> 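Here it is, the structure, as structure tokens.
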Amino acid sequence: VATVSALAAAWDGLSAVGRMAGIILALLVVASVVVVLLRRAGPRPGLDELAARVRSWWVMAAVFFAAIAVDRRVSIVFFALLSFWALKEYVTLLPTRRADHRALLWSFLAVPLQYYWVAIKWYGMFIIFIPVYMFLLLPLQLVLIGITSGFVASAAQIQWGLMAFVFGLSHLGYLLTMPAIPGTGADGRSLVLFVVFVTEMSDVLQYVWGKLLGRHRILPTVSPHKTWEGFVGGVATTALLSLGVRFLTPFSVAETVGVTLMVTVLGFCGGGVMSAVKRDFHVKDFGGLIPGHGGMLDRVDSLCYAVPVFFHYVRYFHYH
């Protein structure tokens, strides 16, 4: 009893980041043990891929928590690099013209500028820089080259990439800068942990439930491995798990479940959209940076949709 009380007191004394690190560590240990037990039971299809995924999760979790736990400026740089790499993977697949090179240069230069607005907390510029100013500038750069063939396709593809992988993901950085919410233990850092945990756990659990029970495809021509059973099982299980990390948020029990359902459905939509992009480019993955997962963009695709909506929900209902 004394030991349990001591552990409970130590748990209560941990910061939100410390608690989440402990939870993720426990989940990774369980996943690693499951892989070992499956290997001992004998060879089976997909086991090597699962083992590679678990090993990659260890590395990604360590890098992410290291970036979150240090100085906020370092965290913002980390998210900027995340956006830069995601945009790079996307642009690598684009059928670009020589005439697009200047516009592409400006699109990559927009990454540090967007995160500079985040770092100085200039919300007004953060929210319009890419949707308005870059939207106007990029086509002008293409016009100045003087080549009209392929103009619309190039302008649309480059701007869409900026919106999804820089503007969308930069909401993680701005969320990190948000102050503590009065009367709660939540702040920007804990909210980042919550939305990333919920989105990524939903992806993992949809994959697991789909492997176990998946029969009916949701998007047969876009993403044939996504099933209704996997989607419903993953979303429902994540909604239950989210209650265990409610200490990261200012939400009530009902609001936690509601927000989790919103985030997981949006994350699924983001994954579906990026699957359509890969189908269009005739590739399985956006890259090979992360063993078992593909490229960086394959890992953050769900966040591109889930994070902006979560950010504006929290800002509207809990910061005003």
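Both backbone and side-chain heavy atoms feed into the values below; hydrogens, waters and symmetry mates do not. Small disclaimer: the values here were computed from a predicted structure and weren't measured. Numbering starts at 1 and runs along the sequence shown.
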> Classify the ring geometry of W160 against F165: parallel below 30°, tilted from 30° to 60°, perpendicular beyond 60°.
perpendicular
> Do any N or O atoms from the side chain of H282 and from the backbone of K278 form a donor-acceptor pair under 3.5 angstrom?
no
> Where does the angle between the aromatic ring planes of Y90 and F281 fall among parallel (under 30°), tilted (30 to 60°) and perpendicular (over 60°)?
tilted
> Evaluate the ring planes of F251 and H318, with Trp represented by its six-membered ring, and classify them as parallel (under 30°), tilted (30 to 60°) or perpendicular (over 60°).
tilted
> More than 12 heavy atoms of other residues, nucleotides or ligands under 6.0 Å from CH2 of W58: is that the case?
yes
> State, without any angle test, whether S242 and T260 hold a side-chain donor-acceptor pair at a distance under 3.5 Å.
yes
> Counting distance only, does the side-chain N/O of Y115 pair as donor-acceptor with the main-chain N or O of I76 below 3.5 Å?
no
> Knowing that exactly one of F310, F311, Y313 qualifies, which makes a side-chain contact (heavy atoms from CB on, under 4.5 Å) with V195?
F310
> Let me have the donor-acceptor pairs involving side chains of residues 125-150, under 3.5 Å, with sequence neighbours excluded, atom names and distances please.
none

> Please report the C-alpha distance between Y123 and Y174 in whole Å, then the side-chain angles of each, then the deciding distance to 0.1 Å, and finally whether the ring-ring contact (aromatic ring centres under 6.0 Å, His included) criterion is met.
CA-CA 8 Å; Y123 179 78; Y174 206 101; 5.7 Å; yes
> If I take atom OG from residue S302 and atom CE from residue M274, how far apart are they, to the nearest 0.5 angstrom?
8.5 Å
> Hydrophobic clusters join Ile, Leu, Val, Met, Phe, Trp and Tyr when side-chain heavy atoms are under 4.5 Å apart, directly or via other members; which others share one with V232?
I218, L219, V222, W228, F231, V235, L243, V253, V257, L261, V265, F268
> Measure across R215 and E229 and return the closest heavy-atom pair with its distance rounded to 0.1 Å.
N-OE1, 3.1 Å
> Looking at A86 and L297, what are the two nearest heavy atoms and their distance?
O-CD2, 3.8 Å
> Check this for me: does any side-chain nitrogen of one of D187 and R189 sit under 4.0 Å from a carboxylate oxygen of the other?
no
> For D100, give me all partners under side chain to side chain donor-acceptor pair (under 3.5 Å), at least two apart in sequence or on another chain.
R97, S154
